[in-house]
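The block underneath contains the structure these notes are about, expressed in structure tokens.
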Amino acid sequence: MRIDILTILPGLLEGPFSESILKRAVARGFVEIVVHNIRDYAQNKHKQVDDYAFGGGAGMVMSVEPIHLLTEKLKKERRYDEIIFLTPDGEKYTQKLANYFSTLGNIIILCGHYKGVDQRIRDHLITREISIGDYVLTGGELAAAIIVDSVVRLLPGVLTDETSALTDSFQDNLLSPPVYTRPATYKGWKVPEILLSGNAAEIEKWRFEKSLERTKKIRPDMISD
Ligand code: ADE
């Protein structure tokens with residue numbers, strides 16, 4: 001998979017992909033992540049990438065040209081399955097979308113800023129508009145890092161235990177059950193007996209019940225009946 005990220009703040013995306021699982025996924029060739037500075041495609045002397053909104057109003061708007069030039073260049077090089085714009089007024093990001101994105105070959109992620117992007121970018125270049133939640137960030141970069149993280153960990157071979165992504169919260173519409181590790185007793189705090197029993201079927205049943213209990217309590221909206 002290849003992910004191209006378009007941003008005016010490439011420095012914000014240096015950290016997230018250079019640690020742990022994402023770093024390893026890149027090093028092993030499961031994913032190629034390329035961060036592009038939109039400013040490099042500005043055609044004016046001051047490398048300006050935004051301008052005042054027509055009709056007035058507070059806040060700057062990201063201009064069409066540099067983003068268009070950059071996306072056209074990339075599209076000449078390869079075919080993209082989705083060109084995603086990150087914006088608080090987009091479709092809500094979910095595990096279902098992460099699963100879908102992880103099946104794609106090449107995607108572009110455009111990080112929004114200021115008062116947004118010129119609507120013509122959304123109308124003519126973007127195939128999908130995504131929000132990571134009902135709150136407003138200063139820009140789309142941190143949202144891009146979240147999306148890349150949630151997608152890359154799903155690529156076959158990225159997680160060392162192949163089954164672990166399948167048992168994540170949300171994959172079966174339930175939150176995960178509690179987990180414990182050694183010691184079995186810490187200052188009188190005990191691990192549930194059932195987990196020490198070695199009875200796989202009973203443990204599975206207990207985990208399912210706990211998942212259901214947690215989901216009913218914390219996210220009743222996830223249980224549709
Ligand atoms: N940019 C600003 N806020 C955002 C959000 N909630 N999701 C995606 N991109 C954003």
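We count ligands from 1, going down the list as the structure has it; atoms in each ligand are counted the same way.
Remark: Tyr186 pairs with Trp189 by the ring-ring contact (aromatic ring centres under 6.0 Å, His included) rule, at least two apart or across chains. Among residues two or more places apart in sequence or in another chain, the side chain to side chain donor-acceptor pair (under 3.5 Å) test is passed with Asn199 by none.
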If you apply the rule side-chain contact (heavy atoms from CB on, under 4.5 Å), what do you find for Arg78 with Asp4, and how did you get there? CA-CA 11 Å; Arg78 68 196 63 75; Asp4 290 272; 4.2 Å; yes

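Under 4.0 Å is where a charged nitrogen must lie from a carboxylate oxygen, and between Lys73 and Glu77 at least one such pair does. By the 4.0 Å N-to-carboxylate-O rule, Glu72 lies close enough to Lys75 to be salt-bridged with it.
Residue pairs meeting the side-chain hydrogen bond (donor to acceptor under 3.5 Å, both in side chains) criterion with at least one partner in residues 7-30, sequence neighbours excluded, are Thr7-Glu141.
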Show me the short polar-atom pairs for ligand 1: any N or O of it lying under 3.5 Å from a protein N or O, with distances only.
{"unit_1": "ligand 1", "atom_1": "3 (N)", "unit_2": "Leu137", "atom_2": "N", "d": "3.0"}
{"unit_1": "ligand 1", "atom_1": "6 (N)", "unit_2": "Gly133", "atom_2": "O", "d": "3.2"}
{"unit_1": "ligand 1", "atom_1": "6 (N)", "unit_2": "Tyr135", "atom_2": "O", "d": "2.8"}
{"unit_1": "ligand 1", "atom_1": "7 (N)", "unit_2": "Ile132", "atom_2": "N", "d": "3.0"}
{"unit_1": "ligand 1", "atom_1": "9 (N)", "unit_2": "Thr87", "atom_2": "N", "d": "3.3"}

